[in-house]
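Naming: A, B, ... by sequence-line order, numbering from 1 per chain. Quick caveat: nothing in here was measured; it's all calculated off a predicted structure. Only this structure's heavy atoms are used, side chains among them; waters, hydrogens and symmetry mates stay out.
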2 protein chains.
Amino acid sequence: MTEATRRERLRAETEREIRQAARALLVDSGRDAVTLRAIARKLGITAPALYRYYDSHDALLRQLCDDICADMAEALYADLAAETSGQVNCKVRAVCHAFRRWALAHPQEFALVFASPRDPLGADQFGSVFLQLAGPLIASNQDAKHVDEEVPAALHEDLVRFQQVLMGAVSEHGVTVGDDVLNLGKIYHVIQSWVRLYGHVALEVFGRFPFAVSNPEPMFDSMLDQMLEEIGFHEDDPTAR
Amino acid sequence: MTEATRRERLRAETEREIRQAARALLVDSGRDAVTLRAIARKLGITAPALYRYYDSHDALLRQLCDDICADMAEALYADLAAETSGQVNCKVRAVCHAFRRWALAHPQEFALVFASPRDPLGADQFGSVFLQLAGPLIASNQDAKHVDEEVPAALHEDLVRFQQVLMGAVSEHGVTVGDDVLNLGKIYHVIQSWVRLYGHVALEVFGRFPFAVSNPEPMFDSMLDQMLEEIGFHEDDPTAR
DNA sequence: CGGTTTCAGTGAACGGTGTTTACGCAAGTC
DNA sequence: GACTTGCGTAAACACCGTTCACTGAAACCG
């Protein structure tokens, strides 16, 4: 059956338990509670044993971040799949809502990934997950009216590079679009939208709006309306495809 | 001269040195380097002595946050004062730029205040500092065209509460305006702008844009243009006052 | 099968942390 | 001068990440 040796199976099982224990500690008691000794205690082993699995406490936390991002990606895909209407703007809206919902439901995880100083100058993990999902959707909106002239000239070079990334993500999903559809203007607006989405969700998760907002959801919704409008989706416009 | 007793002077001096040492450690080596023992070492005393000044390590960090915010407020006021043109939109722009500049120049401080889980449901400190400064400016823009009907009805109650806060800040600056000038629509757009400002600066300071941006400044500038437009400032429009 | 290698896990130790406690000792008070 | 106040210390406690020499069982090999 299992072609893996007994040792390998046990090792894989232990590693699974380590991640699980670390995650539980994070969720229950926050980032600072995720200590090697606490994890070891949960497994009934001693702390140094964990060094057989991870080089350091830091490496373990990094792994935890990756796990969290993978989980979020899964949740986002699931929520997108549940949106069965053919309308693209509904799908985009669904993904945005899914991102907010996930962040609110997993504040400790969000804070950890958000506040972890990853590989310097590396890409944001949330951004990668989210945009590689939303990118293809937005690209498939054929009738957006943005032209490249709208965006600051100084950004052209960076945007072209990001355009390549997004087109790669799109083609991985089967579809291929020309750079006339996913043009610089559209990409620019996508990033502007990401800034707003990120800002709102971070402020809301951390409870940091400049005044007490009793129910931030309508604020989020109306922001979404405006964002989608800017990207090129229009309320009454079916844009089915 | 000093009507304070010798003991009080020494105590005040030591407290100043503690804050200074803590700040230096934060700036030089990051949040985790701000330990009681490291601070004590800098002062040539022992760690428990610090408990004569702060109840706990946490309380000291909180004090540090407050100091940082006060410093930022000072920097923002200074930059605003340096903007001598009478045009209000220039002043708003100056404060926004000052916020970004400060955050980029003080990444460790920004990260600490940003990531510190303050009093739950309390107001954001950056938001308070910034908006109490920008609020009066924006309020003084008489000819904004927003009407209350634009904002989601569910937000009315919260916005009215925030309106009171802002009007208080305005009147503290000498001016008084009616709630017809600082109406709900305008306040709503101010908050939307804060979300974008916050999102952009956080992403930039943490190096977390979804792709490598070689020079984020033009992106910030063009975002600012769009924000000011939405709030009710127009490019060609002097709006002097 | 027996010998050997591999490796998960242990226990002790080192240097670091926040925090508490009992104590000395100088400054202020009456 | 006696008494109180309060800053600072040393020692201790319970944690933490990390290293190192070690055990013992699993895996491998001739």
Colleague: Mark yes or no for a side-chain to base donor-acceptor pair under 3.5 Å between Arg37(B) and dG16(C), with no hydrogen or angle criteria applied.
Modeller: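 There is none.
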
Colleague: May I ask you to say whether Glu13(B) pairs ionically with Arg16(B), meaning some side-chain N is under 4.0 Å from a carboxylate O?
Modeller: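 Here Glu13(B) pairs with Arg16(B) in a salt bridge, since their nearest N and O are under 4.0 Å apart.
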
Colleague: Between Tyr54(B) (OH) and dG8(D) (P), how many Å, whole number?
Modeller: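 Whole-Å distance recorded here is 13 Å.
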
Colleague: What nucleotide among dC16(D), dC20(D), dT9(D) has an atom nearest to a side-chain atom of Pro48(A)?
Modeller: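 Output: dC20(D).
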
Colleague: Is the distance from OP1 or OP2 of dG8(D) to the nearest side-chain N or O of Thr46(B) less than 4.0 Å?
Modeller: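 For dG8(D), OP1/OP2 do not have a side-chain N/O of Thr46(B) under 4.0 Å.
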
Colleague: Is the shortest side-chain N to carboxylate O distance from Glu109(A) to Arg23(A) below 4.0 Å?
Modeller: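 Yes, charged N to carboxylate O under 4.0 Å.
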
Colleague: Give the rounded distance in Å between these two atoms: CD of Glu15(B) and P of dC7(D).
Modeller: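 Answer to the nearest Å: 10 Å.
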
Colleague: Taking the basic N atoms (NZ, or NE/NH1/NH2) and the acidic carboxylate oxygens, is any pair closer than 4.0 Å for Arg93(B) and Glu83(B)?
Modeller: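 Looking at Glu83(B) together with Arg93(B), the answer is no, because their closest N to O distance does not fall below 4.0 Å.
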
Colleague: Expressed in angstrom and rounded to an integer, what is the separation of Asp32(B) atom CG from dG18(C) atom C1'?
Modeller: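 For the pair Asp32(B) CG and dG18(C) C1', the rounded distance is 14 Å.
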
Colleague: Between Leu10(A) (CG) and dG9(C) (P), how many Å, whole number?
Modeller: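 Computing the Leu10(A):CG to dG9(C):P distance gives 8 Å.
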
Colleague: Return yes if the base of dG6(D) and the side-chain atoms of Arg11(B) contain a donor-acceptor N/O pair under 3.5 Å, otherwise no.
Modeller: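 Donor-acceptor pair under 3.5 Å: no.
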
Colleague: Closest nucleotide of DNA chain C for Asp55(B) versus for Ala47(A): which of these residues is on the 5' side?
Modeller: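 Taking each residue's closest nucleotide, the earlier one in sequence belongs to Ala47(A).
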
Colleague: What is the distance from CD1 of Ile18(A) to P of dG17(D), rounded to the nearest Å?
Modeller: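 From Ile18(A) CD1 to dG17(D) P: 13 Å.
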
Colleague: Let's test your reading of the model: under 3.5 Å, does the base of dG6(D) pair with the side chain of Arg52(B) as donor and acceptor?
Modeller: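 Absent.
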
Colleague: Could you tell me how far apart His57(A) (NE2) and dT17(C) (P) are, to the nearest whole angstrom?
Modeller: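 Spelled out: NE2 on His57(A) to P on dT17(C) is 17 Å.
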
Colleague: Within less than 4.0 Å of OP1 or OP2 of dT17(C), is there a side-chain N or O belonging to Arg41(B)?
Modeller: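 For dT17(C), OP1 or OP2 has a side-chain N or O of Arg41(B) closer than 4.0 Å.
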
Colleague: Please confirm whether the shortest side-chain N or O distance from Tyr51(A) to OP1 or OP2 of dG9(C) is below 4.0 Å.
Modeller: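 Indeed not, no polar side-chain atom of Tyr51(A) lies that close.
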
Colleague: Given atom CZ of Arg9(B) and atom C1' of dG28(C), what is their separation to the nearest angstrom?
Modeller: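 In whole Å, dG28(C) C1' and Arg9(B) CZ are 13 Å from each other.
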
Colleague: Would you kindly give the CG-to-P distance between Leu61(A) and dC16(D), to the nearest whole Å?
Modeller: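 The distance from CG of Leu61(A) to P of dC16(D) comes to 14 Å, rounded to the nearest Å.
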
Colleague: Counting only side-chain heavy atoms from C-beta out, which of dC7(C), dT18(D), dT9(D) sits nearest to Arg7(A)?
Modeller: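 The answer is dC7(C).
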
Colleague: Compare side-chain N and O positions of Thr35(A) against OP1 and OP2 of dC16(D) and report whether any pair is under 4.0 Å apart.
Modeller: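 Affirmative; the distance criterion is met.
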
Colleague: Under 3.5 Å, is there a donor-acceptor pair linking the side chains of Asp221(B) and His97(B)?
Modeller: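 Yes, a side-chain donor-acceptor pair sits under 3.5 Å.
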
Colleague: Salt bridge check: are Arg101(A) and Asp79(A) linked by an N-O gap of less than 4.0 Å?
Modeller: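 Answer for the salt bridge query: yes.
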
